[in-house]
Amino acid sequence: MSRSTDRQTDPAAATASLAAEAALLEGRLSLLREAIDSVDARIDAVSETLRRLQRPVSGPTGGKAPERQDGGAGPGRSKRGRG
């Protein structure tokens, strides 16, 4: 005998098992995306707070507005979109 009968699998059972595993993985992926979006929102809020704290209290001097050095993406972050 070249193959053990224990290793032979019913194709329908294998398909059902793989479909169930795929559904679980999709659910986990959805949870991870939600968690990433939540962390991203918190990072944005903290970045905005830091930007406000870095602005001069008395306003710009000499009629010039302060320059943005970070492109508005926050400290050490790049802008990115999620779809």
Side-chain angles (χ1 to χ4, degrees):
M1 247 176 145
S2 62
R3 293 181 74 185
S4 169
T5 56
D6 292 340
R7 297 185 68 180
Q8 292 178 355
T9 305
D10 177 28
T15 301
S17 175
L18 290 172
E21 187 174 351
L24 287 173
L25 291 173
E26 287 176 354
R28 289 180 186 164
L29 179 60
S30 178
L31 289 174
L32 288 172
R33 284 182 175 153
E34 288 175 14
I36 288 170
D37 288 343
S38 175
V39 169
D40 205 27
R42 288 173 39 203
I43 289 170
D44 289 341
V46 170
S47 295
E48 180 58 31
T49 299
L50 289 173
R51 279 193 291 275
R52 277 190 256 139
L53 291 173
Q54 291 173 348
R55 291 182 191 144
V57 175
S58 61
T61 58
K64 294 182 180 178
E67 295 181 21
R68 287 189 95 141
Q69 306 250 338
D70 60 7
R77 296 185 68 217
S78 62
K79 284 190 172 187
R80 62 180 183 248
R82 297 201 186 277

Exercise. Taking only residues two or more places apart in sequence, or in another chain, which ones meet Thr49 in a side-chain contact (heavy atoms from CB on, under 4.5 Å)?
Worked result: Arg52, Leu53
Quick one: pull up [atom1] in [X] and [atom2] in [Y] and give me the separation to the nearest 0.5 Å.
X: Leu24; Y: Glu21; atom1: CG; atom2: CD; answer: 7.5 Å
X: Asp40; Y: Ile36; atom1: CG; atom2: CD1; answer: 9.0 Å
X: Leu50; Y: Arg55; atom1: CG; atom2: CZ; answer: 11.5 Å

Exercise. Does Thr15 use its side chain to pair, donor to acceptor, with the backbone of Pro11 at less than 3.5 Å?
Worked result: yes
Problem set entry | Ser30 side chain vs Glu26 backbone, donor-acceptor pair below 3.5 Å |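 Pair absent, no side-chain N/O of Ser30 close to backbone of Glu26.
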